[in-house]
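Right, one structure below, let's go through it.
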2 protein chains.
Amino acid sequence: MINTASSSDSLFRQVTDSIAISILSGDLEAGALVPTEPDPGAGFSASRSVYREALKYLSAKGLIEARQRSGTRVAPRSAWNLLDPDILRWALAGKIDEDFVRNLYELRLFVEPNAARLAALRRTPEQLTRIGAALTRMEQNPPYGDAIIEADLDYHGSIFDAAGNPALTCLKSVVISTLLWSMRLQRNKDPSLFSVPLADHQRVYRAIAQQNGEQAGTYMATLVNDALHDAIAALRHTRSGDTTKHIEKINQIY
Amino acid sequence: MINTASSSDSLFRQVTDSIAISILSGDLEAGALVPTEPDPGAGFSASRSVYREALKYLSAKGLIEARQRSGTRVAPRSAWNLLDPDILRWALAGKIDEDFVRNLYELRLFVEPNAARLAALRRTPEQLTRIGAALTRMEQNPPYGDAIIEADLDYHGSIFDAAGNPALTCLKSVVISTLLWSMRLQRNKDPSLFSVPLADHQRVYRAIAQQNGEQAGTYMATLVNDALHDAIAALRHTRSGDTTKHIEKINQIY
DNA sequence: CGTAGTAAAAATCATACTATAAACTACCGG
DNA sequence: CCGGTAGTTTATAGTATGATTTTTACTACG
């Protein structure tokens, strides 16, 4: 496994990313021992301080568990906090498990329509403005650019914010990861086959503007469904190849 | 603020809990500086290693952000990963923000009926057995005991597992925290006013057994709604008083 | 069968030194 | 005289290393 952390990152981050990606990619299986001290043959050389702090960071995400005398081991998958932004980023960094992404879309389908519904009911004028501004940026930027990705994320993020439920808003990270995943796919297929589903975005916006909760929810459900189907369709056209660099670039936005 | 960490915990955990609870309780406001070195007047005395590892752990949850030269500060609330099990535990440890719990119930209402629906469609016989066993334990144990809490959590957890979506399952922690919160309330009011909503649990189980997804979803929605209303009703009967000890005991289950 | 001893690994402590980026200063050109 | 820019300072996080303590699974002994 090639160490994907760039050398400009702090040593702590290099070590953390490296171990995390080994775990998320399945390179280190659940139950496997994580070395007590920094492994000289692991692609990095760090002191024990850095290494231990990295392990604490990973244990905070549920990826590893330390027990005295037994050692530090990779935790079972059920303990991983899959909704954590870092975990999603790491999961996205390697070879992507298609089923997992499908699960994320499924979760979005449960959550985002409700977020749109609440946003329609609870939004302030300022929040509506922000959603509209993001939509405008989506309309006016060329597809595939970083600008439109940022706009898309801002659009969905603003809707979460307008829903007025901070706990709900934490699921924003799921939207981010699915969006980055679909971008990664689209780069590998015929661009003409794909179009940003602007119409869906527009009518969700209108429903929120009109404070029509049910309609906002319905349209958002369609939007997420369309996004999933587009992504699945893109999968069929995917040719194998190295897409790492593009994803790395996108990741730096966050 | 009294340090709620028991002295039998590891020093690392005491420090982590102490700082985290200060943040979650609002004692340390967003943007506030977190001391560079362990604060002698903070209720604990630890070396810098332990203290730094605690800070890394907290930064993994999004609670704090370190920047060279500027210092380490409490992150804005929007960066907190409110769905993280630790965060929910810390949020529950202090004085509870009623609105926040209401938000958690709202999220449950979006997620859990769908989990029940999927569970009805995808469950294996073994998974159904586990749900049924948990239900039986709920029926056969006296109310208010730890046994019934464990059974209730196992019931909801089994349904999440049966839904076959690991990302969805991560939201189990939300169920745990709302359940513990409602238990905490119920201890402070007239016990005769409350009854475990067994009927709701039973018909959800039956729907899952019959693989009737829509019905399972509908009944689960009722269950969550009932739970919320019971909890809100209990709030009205709450007399002020120290409930910390009981919660501490419950927390140890996890 | 239980009990005391052993050791492996995490946890803790203490003390260095380094790198970074924000703030400040001094210089230079307009 | 003003404004900006390049260099310097410095506070703080980050990194490094070695030693000690605590916990606990395992083992050997009574």
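Note that the structure is a prediction, hence the values are computed from the model and not measured. Chain naming here is simple, since letters A, B, ... match the order of the sequence lines and numbering starts at 1 in each.
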Reading DNA chain C 5' to 3', which nucleotide is the first, and which the last, to come under 4.0 Å of any heavy atom in chain B?
dT12(C) to dA23(C)

For Watson-Crick and G-U wobble pairs within 3.5 Å on both distances, what is DNA chain C written in dot-bracket notation, | included for inter-strand pairing?
||||||||||||||||||||||||||||||

Residues of residues 69-77 of chain A with a heavy atom under 4.0 Å from any atom of DNA chain C, listed by number, are R69(A), G71(A), T72(A)

More than 12 heavy atoms of other groups within 6.0 Å of E139(A) CD:
yes

Take the angle between the ring planes of F12(B) and Y57(B) and call it parallel below 30°, perpendicular above 60°, tilted in between.
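F12(B) and Y57(B): perpendicular rings.
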
Name all residues meeting the ring-ring contact (aromatic ring centres under 6.0 Å, His included) criterion together with F110(B); count only those two or more places apart in sequence or in a different chain, and write none if there are none.
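For F110(B), no residue satisfies ring-ring contact (aromatic ring centres under 6.0 Å, His included) once neighbours in sequence are set aside.
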
From [atom1] of [X] over to [atom2] of [N], roughly how many Å is that when rounded to an integer?
X	N	atom1	atom2	result
Q68(B)	dT15(D)	CD	P	8 Å
L33(A)	dA25(D)	CG	P	14 Å
L11(A)	dA13(D)	CG	C1'	13 Å

Restricting to non-hydrogen atoms, name the atom on V174(B) and the atom on L104(B) that form the minimum distance, rounded to 0.1 Å.
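Distance-wise, the nearest heavy atoms are CG1-O, 3.7 Å.
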
Can you give me the closest heavy-atom contact between P35(B) and Y51(B), atom names plus distance?
O-OH, 2.7 Å

Has the side chain of S25(A) got a donor or acceptor atom that lies under 3.5 Å from a matching backbone atom of K95(A)?
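Such a contact is absent between S25(A) side chain and K95(A) backbone.
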
Members of residues 47-59 of chain A that approach DNA chain D, where some heavy atom sits under 4.0 Å away
S47(A), R48(A), S49(A), V50(A)

So how far is it from W181(A) CH2 to L179(A) CG, rounded to the nearest 0.5 Å?
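Reported to 0.5 Å precision, the distance equals 11.5 Å.
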
Side chains of E106(B) and N165(A): do they bring a donor and an acceptor to under 3.5 Å?
yes

Do R108(A) and T178(A) have side-chain atoms, one donor and one acceptor, less than 3.5 Å apart?
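The answer is yes; a qualifying pair exists.
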
Are T36(B) and dA11(D) close enough that a side-chain N or O sits under 4.0 Å from OP1 or OP2?
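So the side-chain polar atoms of T36(B) never come under 4.0 Å of the phosphate oxygens OP1 or OP2 of dA11(D).
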
Before you tell me yes or no, could you show the steps for R102(B) and E98(B) under side-chain contact (heavy atoms from CB on, under 4.5 Å), namely the whole-Å CA-CA distance, both residues' side-chain angles and the distance that decides it to 0.1 Å?
CA-CA 6 Å; R102(B) 216 184 287 258; E98(B) 187 188 329; 2.5 Å; yes

I23(B), D84(B), L55(B) screened by side-chain contact (heavy atoms from CB on, under 4.5 Å) with L63(B), the one that passes
I23(B)

Under the salt bridge (Lys or Arg N to Asp or Glu O under 4.0 Å) definition, can you give me all pairs with a residue in residues 64-79 of chain A, not counting sequence neighbours?
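Matches after skipping sequence neighbours: none remain.
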
Applying the side chain to side chain donor-acceptor pair (under 3.5 Å) test to K61(A), which of D86(A), T16(A), N81(A) qualifies?
D86(A)

